[in-house]
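A short worksheet on the structure shown next.
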Amino acid sequence: RFWAPKQENARRVVFENTQSYVQGKQEYISRLRYQYQTAEGPQRDAMRTLILDEASTVDNSKLSPDLQVFIWQLKGKP
């Protein structure tokens with residue numbers, strides 16, 4: 001029982017670094033970026049928060065360079 005949480009955490013870390021997980025996140029964030037670019041006002045602010053939240057669940061260095069720049073730009077905006 002003592003090791004169960006540690007083993008589950010290790011499995012989660014391995015899963016989050018799989019190619020399919022990263023690719024899925026990349027595709028999802030790309031769709032969110034399009035929605036962000038077409039949104040206005042409060043909806044745009046909500047999309048920004050959602051994108052940054054999703055980006056925090058994946059190693060950004062594994063994303064495409066254009067998404068890395070996009071996320072970096074979002075982080076710089078108030």
Side-chain angles (χ1 to χ4, degrees):
R1 295 180 196 252
F2 174 77
W3 295 107
K6 294 179 187 324
Q7 289 174 332
E8 186 57 35
N9 188 44
R11 278 191 217 127
R12 183 184 54 78
V13 169
V14 168
F15 170 72
E16 288 178 353
N17 286 302
T18 61
Q19 182 178 355
S20 60
Y21 178 82
V22 172
Q23 185 176 358
K25 282 292 183 178
Q26 179 162 309
E27 290 172 7
Y28 182 55
I29 294 171
S30 291
R31 288 193 307 268
L32 292 176
R33 175 175 59 176
Y34 174 75
Q35 293 175 0
Y36 172 82
Q37 292 168 338
T38 59
E40 296 179 4
Q43 184 182 14
R44 189 174 179 107
D45 293 336
M47 291 301 302
R48 177 183 175 272
T49 301
L50 178 59
I51 292 167
L52 291 176
D53 189 49
E54 287 297 325
S56 71
T57 64
V58 67
D59 181 357
N60 289 346
S61 67
K62 294 184 178 186
L63 298 176
S64 64
D66 63 316
L67 277 184
Q68 289 179 32
V69 169
F70 174 68
I71 292 166
W72 179 78
Q73 289 171 340
L74 286 183
K75 287 179 180 179
K77 292 186 179 182

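Keep in mind that this is a model prediction, so the values were computed, not measured. Numbering of residues begins at 1 and proceeds along the displayed sequence. Note that these values count all heavy atoms, side chains included, but never hydrogens, waters or copies made by symmetry.
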Q) Among Leu74, Leu67, Ile71, which residue meets the side-chain contact (heavy atoms from CB on, under 4.5 Å) test with Arg33? A) Leu67
**Q.** Hydrophobic cluster identity match, Tyr28 and Val69, side-chain contacts under 4.5 Å
**A.** no
Could you tell me if the side chain of [Y] sits less than 4.5 Å from the side chain of [X], heavy atoms only?
X     : Y     : value
Asn60 : Lys75 : yes
Gln35 : Leu32 : yes
Asp59 : Val22 : no
Thr57 : Tyr21 : yes

Q: Determine whether more than 12 heavy atoms belonging to other residues, nucleotides or ligands lie under 6.0 Å from atom CD of Gln37.
A: yes
Q.
Would the distance check show the side chain of Glu54 and the main-chain N or O of Ile29 forming a donor-acceptor pair, the cut-off being under 3.5 Å?
A. no
Q: Report the distance from atom CZ of Phe70 to atom OG of Ser64, rounding to the nearest 0.5 Å.
A: 11.0 Å
Q.
With rounding to the nearest 0.5 angstrom, report the CZ to CG distance, Arg48 to Leu52.
A. 5.0 Å
Q) Between Ser61 and Gln68, what is the shortest heavy-atom contact and its length? A) O-NE2, 3.3 Å
**Q.** Lys/Arg cation over aromatic Tyr36: Arg44, 6.0 Å, 45° cone
**A.** yes
